[in-house]
Chemist: 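This structure is in structure tokens; I'll ask about it shortly.
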Amino acid sequence: MSKRLGLNLSDDTHAQVKARADAAGVSVHSWIIAAIERENFRQLCQDTNDWWAKHPETAERQLTDYRHRRAVKGGRDSSAA
């Protein structure tokens, strides 16, 4: 059985969340869960960007490989027509 977290929000914050949830046509609970998921995804993207920035040689190699695969695939597509 999962544990539920209790959130104690200030009245102002709760009003802001409720207004955004209402505007989106979802419950406050659903809006908060979606906001957490969006933030997790944003952090994952940032961590990925940071990793690639620290490994420029790997990024360049991957980009070169990708471009080569696209060129080979593009060559196959045009000859099939």
Side-chain angles (χ1 to χ4, degrees):
M1 183 93 26
S2 64
K3 292 184 178 184
R4 292 185 176 256
L5 297 175
L7 296 176
N8 293 319
L9 303 174
S10 69
D11 290 343
D12 182 53
T13 300
H14 184 271
Q16 290 175 28
V17 169
K18 177 137 179 42
R20 291 180 183 264
D22 289 346
V26 298
S27 69
V28 169
H29 179 269
S30 293
W31 191 90
I32 289 172
I33 295 301
I36 291 168
E37 290 171 347
R38 284 189 306 272
E39 177 59 18
N40 282 336
F41 183 72
R42 187 199 65 76
Q43 288 180 17
L44 174 65
C45 291
Q46 184 61 53
D47 291 347
T48 302
N49 286 343
D50 293 346
W51 189 91
W52 284 112
K54 292 176 185 172
H55 300 88
E57 68 289 341
T58 303
E60 186 58 39
R61 188 170 54 250
Q62 290 294 321
L63 185 56
T64 300
D65 292 348
Y66 169 77
R67 288 179 177 150
H68 176 72
R69 286 191 308 272
R70 295 297 296 169
V72 169
K73 182 180 178 185
R76 263 191 265 136
D77 290 345
S78 62
S79 64

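As the structure is a prediction and not an experimental result, all values here were calculated from the model.
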Chemist: Please round to the nearest 0.5 Å and tell me the distance separating atom OG1 of T58 and atom CG of L63.
Modeler: 12.5 Å
Chemist: Scan I36, D22, V17 and name whichever one has a side chain to side chain contact (heavy atoms under 4.5 Å, CB included) with W31.
Modeler: V17
Chemist: Is it true that R61 and D65 make a salt bridge, defined as a side-chain N closer than 4.0 Å to a carboxylate O?
Modeler: no
Chemist: List the atom of A21, the atom of S27, and the distance in Å for their closest heavy-atom pair.
Modeler: CB-O, 3.8 Å
Chemist: Within a radius of less than 6.0 Å around CG of N49, do more than 12 heavy atoms belonging to other residues, nucleotides or ligands occur?
Modeler: yes
Chemist: Could you give the distance from CG (L7) to NE2 (H29), rounded to the nearest 0.5 Å?
Modeler: 9.0 Å
Chemist: So how far is it from Q46 CD to L44 CG, rounded to the nearest 0.5 Å?
Modeler: 10.5 Å
Chemist: Can you tell me how far apart CZ (R69) and OG1 (T64) are? Round to the nearest 0.5 Å.
Modeler: 10.5 Å
Chemist: May I ask you to check whether Q43 and D47 show a side-chain donor-acceptor distance below 3.5 Å?
Modeler: no
Chemist: Looking at CZ of R38 and CG of N40, how far apart are the two atoms once the value is rounded to the nearest 0.5 Å?
Modeler: 11.0 Å
